[in-house]
Chemist: 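Attaching a single structure in structure tokens format; questions to follow.
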Amino acid sequence: MSKRFRFLCPQCGTYQEVKGNGPCWKCHVEVALPTDGLILIYRKSSVPAMMEILLNGYDLGCLWIKECVQIPVQYGHYNVVVKYLDKVMTKYKGIGMEFDITPDNRIMYLKVERVIPGYTATVVVEQATPEEMPPLQ
């Protein structure tokens, strides 16, 4: 698991991968990462295609093979969908997961796996346990 965090800049809306608080690489506004909760997503699939992470409909970049990303978030309701990266995103499906980050549930562990119902590839997001996540590197 990477020690870097993935987030959306509140000013310009671009996703970034950073080690901590600091300026946005695009608009240079000073950004403080949310500290309320954390979403960890681990891709278990070994299929070589890239997958795209969508958090509440916002693009958070690609998820590579055996990669784990950390997304700091505020308390609230979230919907995570992961799809295979496609130019038009019409053929591929992602079955997402909805959950709440609250003071009692601050960390959400998710695993991503590929399922093939019929002829189209579908990516399923499921809740995981801390033991299923890779160690920090």
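These numbers come from a predicted model, not from an experiment.
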Chemist: Out of curiosity, K44 NZ to I65 CD1, how far, rounded to the nearest 0.5 Å?
Modeler: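 So the NZ of K44 and the CD1 of I65 are separated by 15.0 Å.
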Chemist: Would you be so kind as to tabulate the donor-acceptor pairs closer than 3.5 Å made by side chains of residues 21-41, with sequence neighbours excluded?
Modeler:
from : atom 1 : to  : atom 2 : distance (Å)
N21  : OD1    : L33 : N      : 2.7
D36  : OD2    : Y75 : N      : 3.2

Chemist: Can you find a pair of side-chain heavy atoms, one from F7 and one from I71, that are under 4.5 Å apart?
Modeler: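 Contact flag for F7/I71 side chains = no.
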Chemist: I'd like to know if E67 pairs up with R4 as an ion pair, taking the criterion as any Lys NZ or Arg NE/NH1/NH2 lying under 4.0 Å from an Asp or Glu carboxylate oxygen.
Modeler: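 Looking at E67 and R4, the cut-off is not met.
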Chemist: When rounded to the nearest 0.5 angstrom, what distance separates CE in M133 from OH in Y42?
Modeler: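 Taking CE in M133 and OH in Y42, the distance rounds to 8.5 Å.
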Chemist: I'd like to check Q16 versus C9 (side-chain heavy atoms, cut-off strictly below 4.5 Å). Are they in contact?
Modeler: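 Yes, close enough: below the 4.5 Å cut-off.
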Chemist: Using 0.5 Å steps for rounding, measure from the CD atom of E98 to the NE2 atom of H77.
Modeler: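 So the gap between those two atoms works out to 4.0 Å.
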Chemist: Just so I know, are the side chains of L55 and Y78 near enough to count as touching, which here means a heavy-atom distance under 4.5 Å?
Modeler: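 With C-beta onward as the side chain, the pair touches.
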Chemist: Drop me the distance from N79's CG to M97's CE, to the nearest 0.5 angstrom.
Modeler: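 Atom-to-atom, N79:CG and M97:CE are 10.5 Å apart.
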Chemist: Tell me if a side-chain donor or acceptor on R106 pairs with a main-chain N or O of I101 at a distance below 3.5 Å.
Modeler: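 Such a contact is absent between R106 side chain and I101 backbone.
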Chemist: To the nearest 0.5 Å, what is the distance between OH (Y109) and CD (E131)?
Modeler: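 Reported to 0.5 Å precision, the distance equals 8.5 Å.
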Chemist: Do the side chains of V123 and M51 get nearer than 4.5 Å, heavy atoms only?
Modeler: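 Answer yes - side chains close enough.
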Chemist: What heavy-atom pair brings C62 and Y15 nearest, and what distance separates the two atoms?
Modeler: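 For C62 and Y15, the tightest heavy-atom pair comes out as N-OH, 4.3 Å.
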Chemist: So, using salt bridge (Lys or Arg N to Asp or Glu O under 4.0 Å) as the criterion, who are the partners of E132 when residues are at least two apart?
Modeler: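 With sequence neighbours excluded, E132 shows a salt bridge (Lys or Arg N to Asp or Glu O under 4.0 Å) to K111, given in chain and number order.
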Chemist: Knowing that exactly one of V112, V81, L63, V125 qualifies, which makes a side-chain contact (heavy atoms from CB on, under 4.5 Å) with I53?
Modeler: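 Only one option passes, and that is L63.
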Chemist: Judged by atom type as modelled, is there a donor-acceptor pair below 3.5 Å linking the side chain of D59 to the main-chain atoms of G61?
Modeler: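 Judged by distance alone, yes, a pair lies under 3.5 Å.
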Chemist: Flag the pair K83 and E52 as a salt bridge only when some basic side-chain nitrogen lies within less than 4.0 angstrom of an acidic carboxylate oxygen.
Modeler: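 Salt bridge between K83 and E52, a charged N being under 4.0 Å from a carboxylate O: no.
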Chemist: Roughly how far apart are I95 CD1 and E113 CD, rounded to 0.5 Å?
Modeler: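 Interatomic distance, I95 CD1 to E113 CD, rounded to 0.5 Å: 12.0 Å.
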